[in-house]
Amino acid sequence: MEVVQLQRSFVEYMDSLFREGFLDAQFSQLQQLQDDSNPDFVVEVVSLFFEDSERLLNDLTMALDQPNVDFKQVDAHVHQLKGSSSSVGAQRVKNCCIPFRNCCEEQNTEACLRCLQQIKQEYLLVKNKLQTLFDLEQQIVAAGGAIPMVQ
C-alpha cells in the first residue's frame, strides 16, 4: 500500500475512533505532546495504560469474587481506572466507570459484576482499536511517510 493511501486510512480510522466515542480530546492532547525528541511518547503512555488497566481489572475481578466484598476497595480500583482511562482519552472505558462507582456506593455486587463485564468489554475494544492504530502508524513510517496530524 502506498504512503498516501496509508495516511488516508490513518486519518479515516482516527476519525472513526473519535466519532464512535472510543477516544476523546485528551488523546489528541497526548499526540500533541509527541515530537521528534520523543517519537514513541503516545505508544509508551498507552502501553502503561494497558498494563495498569489489566492489573486493575484483575484486582476488581478478585475483589468482587470475595464472599464479603469490600466495596470501598472496589470503588478505589474503579476510581483509579477512571483516572487512567481519562488521562489517555479512553472515553468509553471512563464512561463505564461512572455507573460502576454508583453500584459500589449502593453495595450491589450483582450490578458491580455487570459493570465489570461492561468495562472489560470496552477496554478490550479500545485496546484492539489502539493497537490497530499503532500498527497503521508503523506501516506509514516503514513506507517512508509521516504520521498525519488529525484535529
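Heads up: numbering here begins at 1 and tracks the sequence. Bear in mind that the values here come from a model prediction, so they are computed numbers and not experimental data.
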If I take atom CG from residue Leu17 and atom CD from residue Glu12, how far apart are they, to the nearest 0.5 angstrom?
12.0 Å

Could you check Gln118 against Glu122 for side-chain contact (heavy atoms from CB on, under 4.5 Å), going step by step and ending with a plain yes or no?
CA-CA 6 Å; Gln118 180 71 34; Glu122 290 297 341; 3.4 Å; yes

When you compare the side chain of Gln91 with that of Leu23, does any pair of heavy atoms fall below 4.5 Å?
no

Verify, without hydrogens or angle tests, whether Gln7 (side chain) and Ala146 (backbone) share a donor-acceptor contact under 3.5 angstrom.
yes

Got a second to check how far Lys94's NZ is from Lys82's NZ, nearest 0.5 Å?
7.5 Å

Let's go through Ser85 and Phe49 carefully: what are the C-alpha distance in whole Å and the side-chain angles of both, what is the deciding distance for side-chain contact (heavy atoms from CB on, under 4.5 Å) to 0.1 Å, and is it a yes or a no?
CA-CA 7 Å; Ser85 58; Phe49 164 70; 3.7 Å; yes

Cluster question for you: counting only ILVMFWY and a side-chain heavy-atom cut-off of under 4.5 Å, with indirect links fine, are Ile98 and Leu125 together?
no

In terms of hydrophobic clustering (I, L, V, M, F, W, Y; side-chain heavy atoms under 4.5 Å; direct or indirect links), are Phe134 and Leu124 co-clustered?
yes

Report the distance from atom CD of Gln34 to atom CD of Glu44, rounding to the nearest 0.5 Å.
8.5 Å

Suppose the criterion is side chain to side chain donor-acceptor pair (under 3.5 Å): which pairs have a residue in residues 123-133, not counting sequence neighbours?
Glu54-Tyr123, Glu54-Lys127

pair Cys112-Val69: side-chain heavy atoms closer than 4.5 Å
no

Set out, in order, the CA-CA distance, both residues' side-chain angles and the distance that settles side-chain contact (heavy atoms from CB on, under 4.5 Å) for Asp75 and Phe100, then state yes or no.
CA-CA 8 Å; Asp75 185 59; Phe100 199 160; over 6 Å; no

Would you check if Phe71 and Cys103 make a side-chain contact, meaning some heavy-atom pair closer than 4.5 Å?
no

side-chain contact (heavy atoms from CB on, under 4.5 Å) between Ser53 and Val93: does it pass, once the steps are laid out?
CA-CA 10 Å; Ser53 296; Val93 174; 5.9 Å; no

Is any side-chain heavy atom of Asp35 closer than 4.5 Å to one of Phe41?
no

SG of Cys97 to CD1 of Ile119, rounded to nearest 0.5 Å, is 4.0 Å

Between Asp52 and Arg55, is there a salt bridge with N-O shorter than 4.0 Å?
yes

Do Pro148 and Ile140 make a side-chain contact, defined as non-hydrogen atoms from C-beta onward lying under 4.5 Å apart?
yes

Rounded to the nearest 0.5 Å, what separation is found between the CG atom of Leu116 and the OG1 atom of Thr61?
4.5 Å

Which heavy atom of Ala63 sits nearest to which heavy atom of Gln73, and what is that distance?
CB-OE1, 3.8 Å

May I ask you to test the Val74-Asp59 pair for a side-chain heavy-atom distance under 4.5 Å?
no

Hydrophobic cluster membership, Leu113 vs Met62, 4.5 Å side-chain cutoff:
no

Mind checking side-chain contact (heavy atoms from CB on, under 4.5 Å) for Asn108 and listing every partner two or more places apart, or none if nothing turns up?
Glu106, Glu110, Ala111

Hydrophobic clustering (ILVMFWY, side-chain heavy atoms < 4.5 Å, transitive) - are Met14 and Val4 grouped together?
no

Heavy-atom nearest pair, Val88 first then Leu30, reads CA-CD1, 3.7 Å

Decide whether Leu48 and Leu33 are clustered together by the hydrophobic rule: side chain heavy atoms of Ile, Leu, Val, Met, Phe, Trp, Tyr closer than 4.5 Å, transitively.
no

Determine whether Val42 and Glu137 make a side-chain contact, defined as any pair of heavy atoms from C-beta on separated by less than 4.5 Å.
no

4.5 Å side-chain heavy-atom contact, Phe18 and Phe27:
yes

Point-to-point distance, once rounded to the nearest 0.5 Å, from OH of Tyr13 to CG of Asp135
9.5 Å

